[in-house]
Protein chains: 2
Amino acid sequence: MAPPPAPQTMKERILETADKLFYLQGIRAIGVDTIAAEIGISKRTLYNHFPSKDALIAAYLERRFVQPRASDKAPAEQILATFDSLERRFAAKDFRGCPFVNAVAELGPADRAVKKIAIAFKESRRVWFRDRLNELGVTDAEALATQLVLLVDGSIAQDLVRDDPAMARAAKEAAKVLLRNAGVDVGDKAAAKPGKRAARYP
Amino acid sequence: MAPPPAPQTMKERILETADKLFYLQGIRAIGVDTIAAEIGISKRTLYNHFPSKDALIAAYLERRFVQPRASDKAPAEQILATFDSLERRFAAKDFRGCPFVNAVAELGPADRAVKKIAIAFKESRRVWFRDRLNELGVTDAEALATQLVLLVDGSIAQDLVRDDPAMARAAKEAAKVLLRNAGVDVGDKAAAKPGKRAARYP
DNA sequence: TTTTGGTTACACAGACCTGTGTACTTAGGC
DNA sequence: GCCTAAGTACACAGGTCTGTGTAACCAAAA
């Protein structure tokens with residue numbers, strides 16, 4: 001089960017470790033010494049691969065900016081599956097919110113480079129929702145896509161402070177209502193109003 | 001129009017300045033020297049009022065934890081007004097997200113004290129929504145209240161990175177749909193589906 | 001007037017941080 | 001064997017940060 005020795009490049013080893021430490025403990029909280037020590041390399045080697053900590057931060061965020069892979073499931077399913085995946089990530093103990101939002105919060109509004117990539121990331125997520133909604137023939141896909149990313153980011157923020165994966169389920173239920181309201185069939189009609197009422201969120 | 005000289009206590013002056021700097025530039029980004037210099041007092045004085053920076057941070061967050069004042073408007077109106085108020089705050093140039101979420105993001109998961117007050121704050125907001133929903137006779141007020149705070153925090157996070165007050169309006173529209181779905185009358189029935197489609201969120 | 005409490009000016013210890021300089025070692029390709 | 005590229009060890013400059021120690025100051029209360 002353990003993957004083969006992994007012929008990783010040094011740059012990748014650095015990035016991998018920086019990612020883990022930056023994400024889990026915060027960008028400002030981690031010094032380059034700590035990263036180098038964690039890998040067991042000298043600080044000099046790190047600076048031979050990245051000219052500055054800022055460059056390392058930028059590379060860290062760019063590495064986090066992965067496009068969600070294509071899927072052959074129905075668009076509505078894909079959209080809802082987003083929230084299931086979110087719930088799984090919340091449940092993992094190494095989840096610490098959105099790295100882009102955290103970076104903006106930590107580094108402040110002055111850091112234009114960080115803000116730029118954060119905006120790009122958020123917009124890419126919104127566009128992903130919008131494209132699926134267009135496939136479904138939703139009238140105002142732009143507006144609904146925005147509302148869905150609000151639910152995603154809202155549940156991430158809430159989970160960050162509360163450590164409660166149920167936030168993802170709450171977001172999913174809300175998303176269902178919004179989708180149904182836009183004429184999308186999301187099955188499971190009953191759960192909306194009376195009868196078997198949805199699980200409680202404490 | 002300018003308020004009278006304001007017989008502020010020294011402690012309050014420190015807190016006020018700490019609030020401004022911590023919130024706008026980040027807790028880690030601001031040193032106690034900076035705060036003292038901004039007021040024009042010596043660092044010694046600051047440490048005579050707060051035993052440590054941690055204590056100052058805690059006091060800063062506690063000061064931010066204000067209960068929303070009571071209102072005699074109808075509950076549904078109060079709920080929706082939340083999002084209007086949010087939009088106004090987004091439009092102000094000194095808005096920098098939720099101080100509690102930011103603090104948790106900045107200080108990391110290790111800081112139990114900060115996390116505790118952040119959780120209390122988030123819960124107080126959720127309870128506020130829930131109480132209004134109960135007044136409206138909504139069936140599952142708990143779940144719906146959670147969904148509404150997701151919209152609030154989602155729009156805050158999105159505005160933090162995008163600087164786009166329209167996020168508050170998007171949240172408000174989503175909130176209307178959720179409320180209507182729970183049987184609450186929020187007027188303005190048309191905006192939901194076809195006809196005059198809602199404003200676009202870029 | 002004397003005392004007292006808050007304040008100031010200022011130095012400083014001890015950490016930690018980013019980034020650099022330098023000389024040494026090690027491994028592979030020629 | 002020799003050269004090159006990459007990494008290592010380690011010191012250090014220059015900065016920032018939190019927190020303390022100390023002596024002087026000033027105003028108001030006693």
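Lettering follows sequence order; numbering is per chain, from 1. Quantities reported herein were computed from a predicted structural model and do not represent experimental measurements.
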Atom OH of Tyr47(A) and atom C1' of dT8(D) are separated, to the nearest Å, by 17 Å
Open item on the list: side chain to side chain donor-acceptor pair (under 3.5 Å) for Ser42(B) and Thr45(B)? Distances and angles first, verdict last.
Closed with: CA-CA 5 Å; Ser42(B) 75; Thr45(B) 302; 3.2 Å; yes
- Phe100(B) ring centre to Arg64(B) NZ or CZ under 6.0 Å, with the angle to the axis within 45°? no
Rounded to whole Å, CD1 of Ile41(B) lies from C1' of dC25(D) at a distance of 17 Å
Separation of dG19(D) atom C1' from Lys53(B) atom NZ, nearest Å, is 12 Å
Which of dT8(D), dG21(D), dG19(D) is nearest the side chain of Arg44(B)? It is dG21(D)
Nearest-nucleotide check on DNA chain C, Gly40(B) vs Arg28(A); residue mapping nearer the 5' end is Gly40(B)
Are Gln67(B) and Phe65(B) close enough that some pair of their side-chain heavy atoms sits under 4.5 Å apart? yes
In whole angstroms, the gap separating P of dA6(D) from CG of Leu46(A) amounts to 16 Å
Rounded to whole Å, CD1 of Ile39(A) lies from C1' of dA9(D) at a distance of 17 Å
**Request:** Establish, from distance only, whether the side-chain atoms of Arg132(B) and Gln78(B) form a donor-acceptor pair under 3.5 Å.
**Result:** yes
Original post:
For Ser42(A) and dG7(D), is the shortest distance between a side-chain N/O and OP1 or OP2 below 4.0 Å?
Top reply: no
Closest to the 5' end of DNA chain D, once Lys43(A) and Asn48(A) are matched to their nearest nucleotides, is Asn48(A)
Using the ring of Phe50(A) (Phe, Tyr or Trp, six-membered ring only), decide whether Lys11(A) places NZ or CZ under 6.0 Å from its centre and within 45 degrees of its axis. yes
Met10(A) atom CE is separated from dA5(D) atom P, nearest whole Å, by 19 Å
Pairing of Glu16(B) and Arg63(B) as salt bridge, 4.0 angstrom limit:
no
query = Do NZ/NE/NH1/NH2 and the carboxylate oxygens of Lys172(A) and Glu87(A) come within less than 4.0 Å?
reply = no
Between CG of Asp33(B) and P of dG15(D) the distance, given in whole Å, is 16 Å
At a 4.0 Å cut-off to heavy atoms of chain A, the contacted part of DNA chain C spans dT18(C) to dT22(C)
